[in-house]
**Student:** 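Sending over a structure as structure tokens; questions will come in a sec.
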Amino acid sequence: MDKTGESYTAARRQVLNKKIDYAALAGMADEKVKAKTGRDWSEWTRTLDAFGAKDKPHRDVAEHVHSIGVPDWWAQTVTVGYERIRGLRAIGQRRGGSWETTKSKTIAVPVDKLFDAFANARTRKRWLGDVKLKVRSATKPKAMHITWDDQTSVDIGFFPKGEAKSYVAVAHVKLPSKADADRKKQFWSEKLDALAKLLTK
DNA sequence: AAGATATTTGCGAGCAAGCC
DNA sequence: GGCTTGCTCGCAAATATCTT
């Protein structure tokens with residue numbers, strides 16, 4: 001790698017486009033934001049800096065954005081994107097500094113069966129392995145909440161998707177660091193695959 | 001390889017319940 | 001009472017997968 005050349009290129013890109021990769025940081029393409037909110041990221045960054053968004057809580061910023069005429073959902077997106085650009089938060093980081101990661105999977109099986117695979121300890125063991133967890137609560141074929149063996153918490157949601165299909169969404173919250181979040185994401189990715197295989201077979 | 005379709009992802013809101 | 005934590009849900013873009 002040619003470090004000098006790289007940073008040189010990056011620097012030049014900044015000068016020429018003055019955009020850097022805000023879009024990548026924010027996780028939302030520049031054209032999209034521009035189309036929906038009337039401003040692209042560099043403009044938003046300027047606008048919000050001027051507003052003093054850096055020192056304000058999310059809610060206030062989102063409200064301000066909304067008051068400018070941006071629709072609900074986009075107000076959130078813009079606010080979160082800004083915070084990421086400014087380094088106030090990273091992907092997966094929640095209020096209070098904890099992290100979360102989500103994983104979901106569509107499986108060609110009715111919700112009941114899917115729910116069962118989680119609710120039934122024996123079935124669960126077949127794809128999840130022997131994990132020490134505590135089921136905090138379980139609501140019919142809709143959702144389930146679990147306390148993991150490391151005190152983190154796992155939220156699981158089950159949703160029907162047409163006739164015989166359904167999908168499960170796993171959210172692992174309260175992770176202490178990004179490394180943990182990454183690890184859990186990988187973990188769930190594998191387990192969910194295993195689950196799909198098991199049920200689909 | 002382009003286009004169409006399906007799946008996946010991250011996030012906050014709002015209400016309920018629990019705790020100081 | 002007021003604050004924190006838990007529970008559920010919907011949204012729209014991004015990414016992956018399948019067609020042709």
Side-chain angles (χ1 to χ4, degrees), chain A residues 21-37 39-41 44 53 56-67 70-86 88-109 111 114-115 118-119 133-148 151-176 178 180-193 195-197 199-200:
Chain A
D21 51 350
Y22 282 167
L25 278 173
M28 188 60 68
D30 240 359
E31 305 84 65
K32 293 291 176 189
V33 220
K34 176 101 183 173
K36 300 288 186 178
T37 69
R39 286 167 226 238
D40 61 24
W41 286 117
W44 271 119
K56 292 187 167 49
H58 312 269
R59 209 186 181 102
D60 289 0
V61 181
E63 248 169 48
H64 176 69
V65 173
H66 189 251
S67 74
V70 176
D72 289 352
W73 190 84
W74 280 98
Q76 305 300 344
T77 306
V78 166
T79 306
V80 172
Y82 169 81
E83 287 165 345
R84 298 218 268 246
I85 287 169
R86 279 276 165 264
L88 299 171
R89 77 150 79 185
I91 293 179
Q93 190 170 23
R94 305 278 286 175
R95 239 165 83 198
S98 70
W99 296 72
E100 89 172 41
T101 187
T102 62
K103 206 73 183 103
S104 66
K105 189 143 193 66
T106 304
I107 299 178
V109 124
V111 253
L114 190 56
F115 182 79
F118 278 83
L133 45 72
K134 199 171 69 196
V135 177
R136 215 185 310 137
S137 71
T139 321
K140 293 293 180 173
K142 290 188 119 188
M144 186 182 273
H145 295 87
I146 292 170
T147 299
W148 210 246
Q151 295 308 320
T152 57
S153 153
V154 181
D155 293 354
I156 303 168
F158 305 89
F159 309 94
K161 184 105 178 171
E163 301 288 308
K165 280 211 270 186
S166 42
Y167 76 95
V168 52
V170 176
H172 208 129
V173 298
K174 285 172 53 178
L175 270 359
K178 179 157 172 44
D180 287 291
D182 286 348
R183 205 161 39 232
K184 282 310 195 271
K185 182 166 203 132
Q186 180 60 31
F187 173 82
W188 282 111
S189 175
E190 285 165 16
K191 295 309 178 192
L192 254 26
D193 275 353
L195 171 65
K197 279 208 188 74
L199 293 181
T200 306

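Numbers restart at 1 for each chain; the letters A, B, ... are given by sequence-line order, proteins then strands.
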**Student:** Could you give the CZ-to-P distance, from Arg84(A) to dT9(B), as a whole number of Å?
**Tutor:** 15 Å
**Student:** How close or far is atom P of dG14(B) from atom NE2 of His58(A), stated in whole angstroms?
**Tutor:** 16 Å
**Student:** Specify the separation, in whole Å, of atom CD of Gln76(A) and atom C1' of dG10(B).
**Tutor:** 12 Å
**Student:** Is it true that Asp182(A) and Lys185(A) have a side-chain N and a carboxylate O under 4.0 angstrom from each other?
**Tutor:** no
**Student:** Would you say the side chain of Leu195(A) lies within less than 4.5 Å of the side chain of Lys105(A), judging by non-hydrogen atoms?
**Tutor:** no
**Student:** Figure out the CG/P separation between Leu192(A) and dT8(B), and round it to whole Å.
**Tutor:** 8 Å
**Student:** Can you build the contact string for nucleotides 8-13 of chain C? Use B for base contact, S for sugar-phosphate-only contact, and - for no protein heavy atom under 4.0 Å.
**Tutor:** BS-BSS
**Student:** Please check if the side chain of Ser166(A) supplies one atom and the backbone of Val109(A) the other of a donor-acceptor pair under 3.5 Å.
**Tutor:** yes
**Student:** With 3.5 Å as the limit, what N/O pairs link the protein to nucleotides 3-7 of chain B?
**Tutor:**
residue, atom, partner, partner atom, Å
dT7(B), OP1, Lys165(A), NZ, 2.9

**Student:** Should the ring pair Trp148(A) and Trp188(A) be called parallel, tilted or perpendicular, given that the plane angle runs from 0 to 90° and is split at 30 and 60?
**Tutor:** tilted
**Student:** dG10(B) C1' sits how many Å from Asp182(A) CG, rounded?
**Tutor:** 14 Å
**Student:** Side chains of Val70(A) and Trp44(A): does their closest heavy-atom pair fall under 4.5 Å?
**Tutor:** yes
**Student:** In whole Å, what is the span from the CD atom of Glu83(A) to the C1' atom of dG12(B)?
**Tutor:** 11 Å
**Student:** Could you tell me whether the side chain of Val78(A) reaches within less than 4.5 Å of the side chain of Val61(A), counting heavy atoms only?
**Tutor:** no
**Student:** Got a sec: does the NZ of Lys36(A) have more than 12 other heavy atoms crowding it under 6.0 Å?
**Tutor:** no
**Student:** I need the CH2-P distance between Trp188(A) and dT9(B), as an integer number of Å.
**Tutor:** 13 Å
**Student:** Would you indicate whether Lys32(A), at its atom NZ, is surrounded by more than 12 heavy atoms from other residues, nucleotides or ligands within a distance under 6.0 Å?
**Tutor:** no
